[in-house]
Amino acid sequence: MEKGSLTDAEIVDELNTLIITGYDTVADTLCHTLMLLGSYPEVQERAYKEIQDVFGNDFDRDVDKLDLSKLVYLEAVIKESLRYIPTVPVVARYTETDITLKKYTIPANSTFYVLVCGLHSNSVWGVDADKFRPERWLNRATLPQNPNAFGVFGIGRRSCIGKNYAMMSMKTTITHILRRYKITSDISKLVLKMEALLKPASGQHISLERRK
């Protein structure tokens, strides 16, 4: 075995960690995204139209890897949902050296927290930072220059290893729902509670109507 490589058992352990730790985060993000789709009919219709374009009349077949790469607007919807309602509201980091900021220095050997909600509503997102607008993700020029402004998956080399898996599973799930059901909701009724994750404290307020 190559030095430093993982054993089969260690690989299985890492995969189990990736899947299990992503269960709650993905479930909560799906709830938030469905509520937003149900609250913004024009966004839902555009996402549904994209799904129609990708699958044509063959709405019964499963979603494959090639389909996922074509669902560009749906990915923008999910990313905007994560920006608008970050499922992971706080990211903790430990400093190995002093970090000098504009008005403060974080000393070495300190634990500090990044408030993701504040990061995602920062002025670097533009004057409409408080608006749910998936279209911002379709044009690189409308996004912050620093990619760390989007921090829901963590920041730096310790960012979430399950990011791609989470995006694929969410795109697949929402595709199956949208191509069969029309969603109605009211995001203004959403009340959130902060635990380790941001969770609905007031129910999801989602209704589904079978598409004809």
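Residue numbers count from 1 along this sequence.
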*To the nearest 0.5 Å, what is the distance between CG (Leu30) and OG1 (Thr173)?*
5.5 Å
*asked:* Would a single hydrophobic cluster contain both Val12 and Tyr165, if residues Ile, Leu, Val, Met, Phe, Trp and Tyr are joined by side-chain heavy-atom contacts under 4.5 Å?
replied: no
*Sidechain-backbone polar pair: Asp128 side chain, Lys131 backbone, donor-acceptor under 3.5 Å*: no
*asked:* Taking Arg136 first and then Glu80, would you say they form a salt bridge - that is, a charged N and a carboxylate O separated by under 4.0 Å?
replied: yes
*Do we get Arg179 above Tyr48's six-membered ring, with its NZ or CZ under 6.0 Å from the centre and within 45° of the axis?*
no
_Taking every non-hydrogen atom, the tightest pair across Ser121 and Cys117_ = OG-O, 3.1 Å
*Taking atom CZ of Arg133 and atom OG1 of Thr142, what is their separation to the nearest 0.5 Å?*
5.5 Å
*His120 side chain to Gly151 main-chain N or O, any donor-acceptor pair under 3.5 Å?*
yes
*Hey, does His205 have a side-chain heavy atom less than 4.5 Å from the side chain of Asp186?*
no
*Mark yes when over 12 heavy atoms from residues, nucleotides or ligands other than Gln145 sit less than 6.0 Å from its CD; otherwise mark no.*
no
*Between the side chain of Asp28 and the main-chain N/O of Thr87, is any donor-acceptor distance below 3.5 Å?*
no
*asked:* My understanding is that only residues two or more places apart in sequence, or in another chain, count here; which of them pass side-chain hydrogen bond (donor to acceptor under 3.5 Å, both in side chains) with Tyr84?
replied: none
*Close side-chain approach of Ser185 to Leu34, heavy-atom, < 4.5 Å*: no
*Got a second to check how far Phe153's CZ is from Leu82's CG, nearest 0.5 Å?*
5.0 Å
*For the pair Ser81 (side chain) and Val77 (backbone), establish whether a donor and an acceptor sit closer than 3.5 Å, ignoring hydrogens and angles.*
no
*Between Leu192 and His32, is a side-chain contact (heavy atoms from CB on, under 4.5 Å) present by the stated rule, with each step listed?*
CA-CA 10 Å; Leu192 292 167; His32 300 156; 3.9 Å; yes
_Check whether Ser110 reaches the backbone of Ile106 with its side chain - one donor and one acceptor, N or O, closer than 3.5 Å._
no
_Is there a continuous path of hydrophobic side-chain contacts, each under 4.5 Å between heavy atoms, that joins Val72 to Leu66?_
no
*Within 6.0 angstrom of Glu96 CD, more than 12 heavy atoms from elsewhere*: no
_From OG1 (Thr29) to CD1 (Ile78), nearest 0.5 Å_ = 9.0 Å
*For Thr95 and Asn109, indicate whether the former's side chain and the latter's backbone hold a donor-acceptor pair under 3.5 Å.*
yes
_Audit row: Arg46, Glu135, salt bridge (charged side-chain N to carboxylate O under 4.0 Å, His left out) steps and yes/no_ = CA-CA 11 Å; Arg46 182 169 176 178; Glu135 289 74 19; 3.5 Å; yes
*If only atom types and distance count, is the side chain of Lys171 paired as donor or acceptor with the main-chain N or O of Leu68 below 3.5 Å?*
yes
*Leu119 and Val124: CA distance, side-chain angles, deciding distance, side-chain contact (heavy atoms from CB on, under 4.5 Å) verdict*: CA-CA 9 Å; Leu119 189 63; Val124 296; over 6 Å; no
_A side-chain contact here means heavy atoms from C-beta on lying under 4.5 Å apart; do Met167 and Lys79 qualify?_
yes
*asked:* When you compare the side chains of Glu75 and Trp137, does any donor N or O come within less than 3.5 Å of an acceptor on the partner?
replied: no
*Could you tell me which non-hydrogen atom of Pro134 sits nearest to which non-hydrogen atom of Ala76, and how far apart they are?*
O-CB, 3.5 Å
*Taking everything shown except Tyr113 itself, do over 12 heavy atoms lie less than 6.0 Å from its OH?*
no
*I would like to know whether Arg83 and Val152 meet side-chain contact (heavy atoms from CB on, under 4.5 Å); could you show each step before the answer?*
CA-CA 7 Å; Arg83 186 197 70 84; Val152 73; over 6 Å; no
*pair Val116-Pro89: side-chain heavy atoms closer than 4.5 Å*: no
*Residue pair Trp125 / Leu143, side-chain heavy-atom distance below 4.5 Å*: yes
*Test item: Thr105 side-chain N/O and Thr100 main-chain N/O as donor-acceptor pair under 3.5 Å*: no
*Which atom names give the shortest non-hydrogen contact between Met168 and Thr172, and what distance separates them?*
O-OG1, 2.8 Å
_Within the supplied structure, the quantity of interest is the number of heavy atoms (other residues, nucleotides, ligands) at a distance under 6.0 Å from Arg140 CZ; does it exceed 12?_
no
*Would a distance-only check, ignoring hydrogens and angles, find a side-chain to backbone donor-acceptor pair under 3.5 Å from Arg210 to Lys182?*
no
*Inter-residue atom distance Ile177.CD1 - Leu208.CG, 0.5 Å rounding*: 7.0 Å
*Could you check if a side-chain atom of Val90 sits within less than 4.5 angstrom of a side-chain atom of Val114, using non-hydrogen atoms only?*
no
*In Å and rounded to the nearest 0.5 Å, what is the OG1 to CE distance from Thr184 to Met35?*
11.5 Å
*Which heavy-atom pair separates Ala108 from Asp98 by the least distance, and what is that distance?*
N-OD1, 2.8 Å
*Taking Asp67 for the side chain and Asp64 for the main chain, is one N or O donor matched with an acceptor at less than 3.5 Å?*
yes
*asked:* One pair to check against side-chain contact (heavy atoms from CB on, under 4.5 Å): Phe55 and Val63. What are the steps and the verdict?
replied: CA-CA 9 Å; Phe55 289 90; Val63 182; 3.8 Å; yes
*Verify the cluster assignment for Val91 and Tyr94: are they in a single hydrophobic cluster under the rule of side-chain heavy atoms below 4.5 Å apart?*
no
*asked:* Is there a side-chain contact between Met170 and Thr33 in this structure, where contact means two heavy atoms from C-beta onward sitting under 4.5 Å apart?
replied: no
*Pick out which of Val43, Ile51, Asp53 makes a side chain to side chain contact (heavy atoms under 4.5 Å, CB included) with Tyr73.*
Val43
*Mind checking whether Arg180 and His176 have side chains closer than 4.5 Å, heavy atoms only?*
yes
*Cation over ring, Arg93 on Phe112, under 6.0 Å and within 45°?*
no
